[in-house]
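Because only heavy atoms are used, hydrogens play no part in the values below, and waters and symmetry mates are left out as well, while side chains stay in.
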2 protein chains.
Amino acid sequence: MNAPFPTGPSTDEPVALGALTSSVGFMLRMCQTRAYDQFFREFQDTEVRPGELTLLWVLDLNPGLKQGSVGRTLNIKPAHMTKLIQRLVREEFVERRVPPEDRRSIQLYLTETGRDYLNRYRERFLAVHRAERVGLNDAEMATLLALLSKLNFQEAPECP
Amino acid sequence: MNAPFPTGPSTDEPVALGALTSSVGFMLRMCQTRAYDQFFREFQDTEVRPGELTLLWVLDLNPGLKQGSVGRTLNIKPAHMTKLIQRLVREEFVERRVPPEDRRSIQLYLTETGRDYLNRYRERFLAVHRAERVGLNDAEMATLLALLSKLNFQEAPECP
DNA sequence: TAGAAAAAGTATCCATGTAAACAATAATTC
DNA sequence: GAATTATTGTTTACATGGATACTTTTTCTA
């Protein structure tokens with residue numbers, strides 16, 4: 001439980017982390033920042049950003065989704081959602097339509113350009129996802145995904 | 001593999017995510033942002049930030065650690081490390097000493113004030129870590145931590 | 001031992017993300 | 001049916017975090 005932490009370049013002195021290694025939040029953060037680094041390394045030569053690509057991916061699967069729904073699903077706060085969508089609209093990847101039955105809300109659709117863009121990077125996107133599995137076999141990966149999924153959906157979503 | 005995603009407030013239309021649900025990176029991100037939200041909810045009434053508290057925690061366990069070592073261990077980039085430490089020094093939680101044997105580097109030590117601050121929030125910090133376990137039993141939790149640890153240390157750290 | 005290369009931190013600028021206050025529309029309530 | 005409340009999205013102001021280029025010190029090399 002108090003084992004030293006084998007750090008990155010391994011030439012470093014070992015660092016004790018104590019109870020942190022039993023903290024899901026901490027371990028999630030560590031793994032997640034590494035995953036991000038990996039993504040940016042893979043898409044280094046492009047302008048592609050993980051959030052944007054994920055958003056296009058979801059809109060491709062769910063045409064006409066409302067902005068709020070996407071935000072809640074992907075855990076993106078409204079203010080940030082606005083900025084993301086504004087950029088995607090400016091690049092003409094996404095189209096916004098106000099449905100007549102509820103004129104507060106906004107429905108989102110991929111344009112042809114947006115679909116082309118997504119398709120251009122689709123394979124690379126999936127390749128990154130596969131590459132993240134380094135070190136885990138299929139069974140371990142399945143277990144990990146199942147546990148993360150359980151965690152994600154049961155975590156207390158509200159307590160106002 | 002293409003099951004709809006049970007979103008937060010559950011009053012939402014279900015959103016299809018396709019291959020995203022088999023992406024570790026994506027699932028990590030989802031869980032991690034939720035964990036962050038939880039942290040901020042718990043420490044709402046304070047100025048405590050997760051990164052800062054983690055840093056103090058690590059310095060308490062490893063007095064005299066070099067700035068670079070901490071950064072590599074916690075996956076914090078040098079530029080950000082500087083800013084974090086500057087604030088902790090300004091608040092007099094941390095002391096910087098330049099060791100004579102290598103005057104490029106900086107050793108970090110907790111001050112008495114820093115230790116007091118850490119101790120004041122230690123129990124709450126651990127409580128958040130426990131709370132993150134919602135929905136998983138002890139065995140599942142152990143498995144999850146083991147898998148995350150494996151992932152964290154085997155992920156390709158360099159390819160320049 | 002000079003000169004080049006590497007390592008540790010810092011400063012500046014930019015991208016990402018949030019909180020709080022606001023505007024517009026819809027749903028409730030009296 | 002007018003007044004209140006809730007929902008949806010935007011704006012503004014700020015916090016977090018990274019890339020790049022730079023300074024200082026150390027180490028390596030010729």
Side-chain angles (χ1 to χ4, degrees), chain A residues 8-9 11-13 29-30 32-41 43-55 65-90 94 96-108 160, chain B residues 8-9 11-13 29-30 32-34 36-41 43-45 47-55 65-90 94 96-108 160:
Chain A
T11 61
D12 257 317
E13 65 243 81
R29 166 113 187 122
M30 298 293 285
Q32 206 262 314
T33 55
R34 268 175 220 280
Y36 248 67
D37 285 350
Q38 214 169 327
F39 185 100
F40 285 113
R41 220 179 300 130
F43 284 96
Q44 214 167 17
D45 53 323
T46 72
E47 288 298 311
V48 177
R49 275 159 290 186
E52 256 180 45
L53 208 52
T54 302
L55 205 43
L65 209 54
K66 283 192 281 166
Q67 189 165 316
S69 294
V70 196
R72 277 185 296 277
T73 303
L74 300 181
N75 226 355
I76 300 172
K77 304 288 180 295
H80 189 210
M81 202 64 199
T82 298
K83 282 193 255 184
L84 273 174
I85 297 297
Q86 278 174 343
R87 190 169 59 224
L88 291 176
V89 168
R90 199 174 327 117
V94 165
R96 300 149 41 115
R97 295 188 209 150
V98 174
E101 70 276 11
D102 183 349
R103 306 217 321 284
R104 292 170 304 182
S105 65
I106 291 180
Q107 291 191 302
L108 301 172
Chain B
T11 62
D12 256 319
E13 66 244 80
R29 167 116 184 118
M30 298 293 286
Q32 206 264 314
T33 55
R34 268 175 219 281
Y36 249 66
D37 285 350
Q38 215 168 328
F39 185 99
F40 284 113
R41 219 179 301 131
F43 284 95
Q44 214 167 14
D45 53 323
E47 288 299 311
V48 177
R49 274 159 291 185
E52 256 181 45
L53 208 53
T54 303
L55 204 43
L65 208 55
K66 282 191 281 165
Q67 189 166 317
S69 294
V70 197
R72 278 184 295 279
T73 303
L74 299 181
N75 225 357
I76 300 172
K77 304 289 179 294
H80 188 211
M81 201 64 199
T82 299
K83 283 189 256 185
L84 273 174
I85 296 298
Q86 278 174 344
R87 190 169 59 224
L88 291 176
V89 167
R90 198 175 327 118
V94 166
R96 299 150 42 117
R97 296 188 208 150
V98 174
E101 71 275 13
D102 183 350
R103 306 219 319 283
R104 292 170 303 182
S105 66
I106 291 179
Q107 292 191 301
L108 301 172

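If A:Gln86 and A:Asp102 are placed on DNA chain D by their nearest nucleotide, the residue sitting closer to the 5' end is A:Asp102. Each of B:Ser105 and B:Asp37 lies near DNA chain C, and the nucleotide nearest B:Ser105 is the one positioned closer to the 5' end. With DNA chain C read from its 5' end, the first of the two nearest nucleotides for A:Arg103 and A:Phe40 is the one closest to A:Phe40.
Listed by chain and residue number, nothing satisfies the side-chain hydrogen bond (donor to acceptor under 3.5 Å, both in side chains) test with A:Gln67 (two or more places apart in sequence, or in another chain). Considering only residues two or more places apart in sequence or on other chains, B:Arg104 meets the side-chain contact (heavy atoms from CB on, under 4.5 Å) condition with B:Asp102. A:Thr33 pairs by the side-chain hydrogen bond (donor to acceptor under 3.5 Å, both in side chains) definition with B:Asn75, not counting sequence neighbours. In terms of the side-chain contact (heavy atoms from CB on, under 4.5 Å) criterion, residue partners of A:Tyr36 (sequence neighbours excluded) are, by chain and number, A:Gln32, A:Phe40, A:Pro50, B:Arg29. With sequence neighbours excluded, the residues that form a salt bridge (charged side-chain N to carboxylate O under 4.0 Å, His left out) with B:Lys77 are A:Asp37. Partners of A:Pro78 according to the side-chain contact (heavy atoms from CB on, under 4.5 Å) rule, which considers only residues two or more places apart in sequence or in another chain, do not exist here. Partners of A:Arg97 by side-chain contact (heavy atoms from CB on, under 4.5 Å), not counting sequence neighbours, listed by chain and number: A:Glu95, A:Tyr109. Considering only residues two or more places apart in sequence or on other chains, B:Arg96 meets the salt bridge (charged side-chain N to carboxylate O under 4.0 Å, His left out) condition with none of them. With sequence neighbours left out, B:Arg103 forms a salt bridge (charged side-chain N to carboxylate O under 4.0 Å, His left out) with no residue at all.
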| remark: Each nucleotide of nucleotides 1-6 of chain C classed B (base within 4.0 Å of a protein heavy atom), S (only sugar-phosphate) or -, in 5' to 3' order, makes ------
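Note: CZ (B:Phe39) to C1' (C:dT18) measures 16 Å, nearest angstrom. With rounding to whole Å, B:Gln32 atom CD is found 11 Å from C:dT18 atom P. We find that CD of B:Gln67 is positioned 9 Å from C1' of C:dT10, with the value rounded to whole Å. Taking atom CG on A:Leu55 and atom P on C:dT16, their separation rounds to 13 Å, with Å as the unit. To the nearest angstrom, C1' of C:dA19 lies 15 Å from CZ of B:Arg41.
With contacts defined as side-chain heavy-atom distances shorter than 4.5 Å, the pair B:His80/B:Leu84 qualifies.
Side-chain nitrogen and oxygen atoms of B:Arg96 include none within less than 4.0 Å of the OP1 or OP2 phosphate oxygen of C:dG9.
Between A:Met81 and A:Gly71, the shortest heavy-atom distance links the atoms SD-CA, 3.9 Å.
Shown for residues 75-84 of chain A: residues whose heavy atoms fall under 4.0 angstrom of DNA chain C, namely A:Lys77, A:Ala79, A:His80, A:Lys83.
Here the range on DNA chain D touched by chain B, meaning any atom under 4.0 Å from one of its heavy atoms, is D:dA15 to D:dT26.
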